[in-house]
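Chain naming here is simple, since letters A, B, ... match the order of the sequence lines and numbering starts at 1 in each. Quick caveat, the model's predicted, so the values are computed rather than measured.
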Amino acid sequence: MNEIDYTREIPVIEGRPALREIDDLIAKPLETKPDKKYYLALAVTLTMTGIGAIALLLSFYYGTGLWGNNNPVGWGLPIVNFVFWVGIGHAGTLISAILFLLRQRWRNGIARFAEGMTIFAVMTAGIFPLIHVGRPWLAGYLFPYPNQHSLWVNFTSPLLWDVFAVSTYFTVSFIFWYVGLIPDFATLRDRTSNKIKKLIYSVTSLGWRHSNRHWQHYEMVYLILAGFATPLVLSVHTIVSFDFAVSIMPGWHTTIFPPYFVAGAVFSGFAMVQNVLIFIRKIFNYEHIITLNTLERMNKIILLTGSMVGYAYAMEFFIAWYSGVQPEQFTFINRAFGPYAWAYWIMVSCNVIFPQLFWVKKIRRSIPIMFVIAVLVNVGMWFERFVITVTSLSRDYLPSSWAYYAPTLVDGAILLGSFGFFFTWLLLFTKTLPVVSIAEVKAVVEGSQPSHGDH
Amino acid sequence: MSDKILYGYTGIFDTPDEIILAANKVAEDGYKKFDVNTPYPVHGMDNAMKLPVSKLGYAALIFGLTGTISAVTLMYFLSVFDYPIVIGGKPFFAFPAFVPIIFEVTVLAASIATVVTMIALFFKFPNISHPLHDTEYMKKVSSNKYGILLQADDLKFTEESAKELLAKLGAKDITAIYYDQAEISTEHKIFEPKFISLLIIIAVVVSGSTYFALNKLMFMVPFNWMMEQSKIIPQDNNSFFSDGKAMRTPIEGTVARGNMPYQFKGDPESAGKYLKNTLLPTEKNLDLGKKKYDIYCSPCHGYYGEGDSRLRGQFPNPPSLHSEKVRTWTDGRLYHVITEGQNIMPSYASQMTRKERWATILYLRVLQRSLNAKESDLE
């Protein structure tokens, strides 16, 4: 429709809103009572969470025998779900840290929300390693603490690296998120007339008064955190991939895993963020803050990472053939044509074929189509983890120990519960904290920076 | 107002261009204690105010390196000295395999420490009171205006000159900010008793619940159910086999690998009489004995054989190994106890090779001697 004028930088925030309007708009969900739809949504997610919780209690009481895990396939859905959710958690820090370092100003409107999703996704992911051991209360043993057995953890195990990586990732993301919230808390504190809210915001804003002497240190800290979070976000899924790659299973033991997993994580994370943002911008009228241009840029990243994932699939096949290792060759042929061929082809079509539609600009800018594609991406990425985990284990070197793995109803209920858990947090987030960074958005509104001087 | 103290004069501007010019003028005028309050960081303001670059980078560097060094040292100490275990044929100090954890700990330490430094030093946490809070001025600058503040404790400050300067710069709403010394202080409050006691309460709650979880909860129903599992253990009944036992006997006429029948089954006296320890108490044998004793015997008998079990009542405490009786037993008699067990003490024949059993006995003798040394040992 309307042609874009490339001689001038596209404004990140459309329509040059007054700063006061931004405050009003972003603070509105926090200052109004939630409506019926909100409670309905919350009821749905809480029900899902409840179903998951019941399934978990049953699993703890009767044991993990309620799951589909069997002898060759010791890692069933819990690990699939873990990798899936950690992957979802990658977009947030990528948006807030890497795009910050790359000076991508369009990230300002979506960073806060994406970071929130990161935190909730990592929380959801964290459930799975705990429960998959069957006795989650023994998880304390994962940390090196001086104990009665005078034993220490195995520092050379990827599973332990995971403990450190995921907990560090969670902590740093959380700090990053909180630091970003401080100025917004101060703004809210100065707006509200409610005594209790005022007290809460006063404490959480740590006495912030928008002083430039503080901004100066604040910006430095933000830069440092972004600098640390960048390698961190790459390291987390790298280490998750080590859980597989460091073993000697055919189909797992490959050096392509770390970059392949990271690309896949960003891919699915962006898809999830895009999905949820489509709702958020509509419901809260943020269309000019989270603009169509922003969504289009996200789709470009989905296209890029989707192609990287597709490349990795092809390369895995090539290397299996090129290496001349029989079990590797068998594993890949088995993936594509064996008993799990259905899962494999779901994965390939959702991850490789559909995202390629984003080459077309019309599709990149059409909200319904991009929504559907992003949903498919997440379906595909869930199946990718399923294919990797299950096909390799169910048919490894020794044909006598092969077995088919099928998840049970309890497995399904736990997966459902994880979605419920994630979306419950997300819903609560939209009503308790500003889902868009007030200060960061103000800083990129046209005319908000001095017209002279360098920037 | 008269009993209140003047904090400073504030003025408001409408655009970022104006505020940056104003800040620059004030700085050039020689003011040191002044501040600019803006709803978001304005580019170029640090230069305009002539602020030095933030030194927080050094905090990140120092704490990050501390994290790196502690991770390396801890892992080195634990896996090379404290409890060396060969895993997957890797060396004890497997540096490449330590890299992920070193990296994570570095990032964690640096990130937390930088933020804490900022909050504690620059925001003066936990002090969140300030004369500017709850003023009209604050309400404006936290939303859509740009404000400048000249503090009264600056050397150049006089009420007249401050007002004049602000007016000259074109500021609007020039107001004086007063505060009450009793209500507001700008000091650090980290060492205030209230804050310290909050920290202590947090520490007590955290360590208390950790202690409870590790030492009490694990031993309560249902958390101690590890013992009861619906699998068949060797001593169980099993109706599947005609003899009703779960455990299978070896096929007739076969001998397990490395099997050496024990001649003195159920006959401790003869074992004591005829079995002789062929190992010499060399350093090597004693080392082996200590290792095996610490692994297999010390959980019940204690590291020094005093019967101070580490099992905290989950298994009856054994008697001391320093008793007259055990000291006068021959090595063969002790060998019998390890091989066959004694009453509730189980047999260790399947865990320990014959050589290891004899070596353990040598080490046990050393332990006994250490508590009951002879005169001649003094030399």
Chain A heavy atoms under 4.5 Å from B/L56: which part of the residue, side chain, backbone, both or neither?
both

Nearest 0.5 angstrom please: A/N154 CG to B/K90 NZ, how far?
7.0 Å

Determine whether more than 12 heavy atoms belonging to other residues, nucleotides or ligands lie under 6.0 Å from atom NZ of B/K55.
no

Minimum heavy-atom distance between B/T38 and A/W215, given as atom pair plus value
O-NE1, 2.9 Å

Evaluate the criterion side-chain contact (heavy atoms from CB on, under 4.5 Å) for residue pair B/Y40 and A/V444; output intermediate values, then yes/no.
CA-CA 10 Å; B/Y40 55 86; A/V444 292; over 6 Å; no

Top residue by heavy-atom pair count (under 4.5 Å) with chain B, among A/R191, A/H214, A/Q216, A/H217?
A/H217

Which answer fits B/V53, side chain, backbone, both or neither, if we ask what part of it has an atom under 4.5 Å from a heavy atom of chain A?
both

Identify which part of A/Y145 has an atom lying under 4.5 Å from any heavy atom of chain B, answering side chain, backbone, both or neither.
side chain

Side-chain heavy-atom pair A/W208, B/H133 within 4.5 angstrom cut-off
no

Sort B/M45 into side chain, backbone, both or neither according to what part of it lies under 4.5 angstrom from a heavy atom of chain A.
both

Pick from A/F60, A/Y141, A/Y61, A/F176: which one has the most heavy-atom pairs with chain B under 4.5 Å?
A/Y61

Whether over 12 other heavy atoms sit under 6.0 Å from B/Y296 OH:
yes

Is atom OH of A/Y62 surrounded by more than 12 heavy atoms (other residues, nucleotides or ligands) closer than 6.0 Å?
no

If you count heavy atoms of other groups shown closer than 6.0 angstrom to CZ of B/F195, is the number above 12?
yes

Who in residues 163-173 of chain A is close to chain B, using a strict under-4.5 Å heavy-atom cut-off?
A/F164, A/A165, A/T168, A/T171, A/V172

Chain B: which of A/S205, A/P144, A/A439 shares the most heavy-atom pairs with it under 4.5 Å?
A/A439

Okay, A/E219 and chain B: the region with an atom under 4.5 Å from a heavy atom over there is side chain

Taking side chain as everything from C-beta outward and backbone as N, CA, C, O, which of these in B/K139 sits under 4.5 Å from a heavy atom of chain A? Side chain, backbone, both or neither.
both

Between B/V141, B/T15, B/L217, B/D35, which shows the greatest number of heavy-atom pairs under 4.5 Å with chain A?
B/D35

Under 4.5 Å from any heavy atom of chain B - which part of A/I182:
side chain

Please state whether the side chain, the backbone, both or neither of A/R189 comes within less than 4.5 Å of a heavy atom of chain B.
side chain

May I ask you to check whether A/N212 and B/D46 show a side-chain donor-acceptor distance below 3.5 Å?
yes

Kindly say whether B/S143 contributes a backbone atom to a donor-acceptor pair with the side chain of A/K442 at under 3.5 angstrom?
yes

Roughly how far, to the nearest 0.5 Å, is CG of A/D23 from OG of B/S142?
7.0 Å

Answer yes or no: is there a side-chain heavy-atom contact under 4.5 Å between A/K198 and B/D134?
yes

Over 12 non-hydrogen atoms of neighbours within 6.0 angstrom of OH in B/Y58:
no

Extract all donor-acceptor atom pairs below 3.5 Å that involve side chains of residues 81-88 of chain B and protein atoms in other chains or at least two apart in sequence.
{"unit_1": "B/D82", "atom_1": "OD2", "unit_2": "A/W152", "atom_2": "NE1", "d": "2.6"}

With a 3.5 Å cut-off and sequence neighbours excluded, list the donor-acceptor pairs that the side chains of residues 70-79 of chain B form with protein atoms.
{"unit_1": "B/S70", "atom_1": "OG", "unit_2": "B/T66", "atom_2": "O", "d": "2.4"}
{"unit_1": "B/T73", "atom_1": "OG1", "unit_2": "B/I69", "atom_2": "O", "d": "2.2"}
{"unit_1": "B/S79", "atom_1": "OG", "unit_2": "B/M75", "atom_2": "O", "d": "2.4"}

Name each donor-acceptor pair under 3.5 Å that joins a side chain in residues 220-242 of chain A to protein atoms two or more places apart or in another chain, with its distance.
{"unit_1": "A/Y222", "atom_1": "OH", "unit_2": "A/R107", "atom_2": "NH2", "d": "3.4"}
{"unit_1": "A/Y222", "atom_1": "OH", "unit_2": "A/E440", "atom_2": "OE2", "d": "3.2"}
{"unit_1": "A/T230", "atom_1": "OG1", "unit_2": "A/A226", "atom_2": "O", "d": "2.8"}
{"unit_1": "A/S235", "atom_1": "OG", "unit_2": "A/L232", "atom_2": "O", "d": "2.9"}
{"unit_1": "A/S235", "atom_1": "OG", "unit_2": "B/E104", "atom_2": "OE2", "d": "2.8"}
{"unit_1": "A/T238", "atom_1": "OG1", "unit_2": "A/L234", "atom_2": "O", "d": "2.6"}
{"unit_1": "A/S241", "atom_1": "OG", "unit_2": "A/T238", "atom_2": "O", "d": "2.6"}

State, yes or no, whether a side-chain contact exists between B/M138 and A/H210 at a heavy-atom distance under 4.5 Å.
yes

Of all of B/V42, B/V115, B/L51, which one pairs up most often with chain A through heavy atoms under 4.5 Å apart?
B/L51

Can you check whether B/F34's main-chain N or O pairs, donor with acceptor, with A/R213's side chain at less than 3.5 Å?
yes

Quick one: does B/N37's side chain have a donor or acceptor within less than 3.5 Å of a partner on A/R209's backbone?
yes

Residue B/K50 excluded, over 12 heavy atoms near NZ under 6.0 Å:
yes

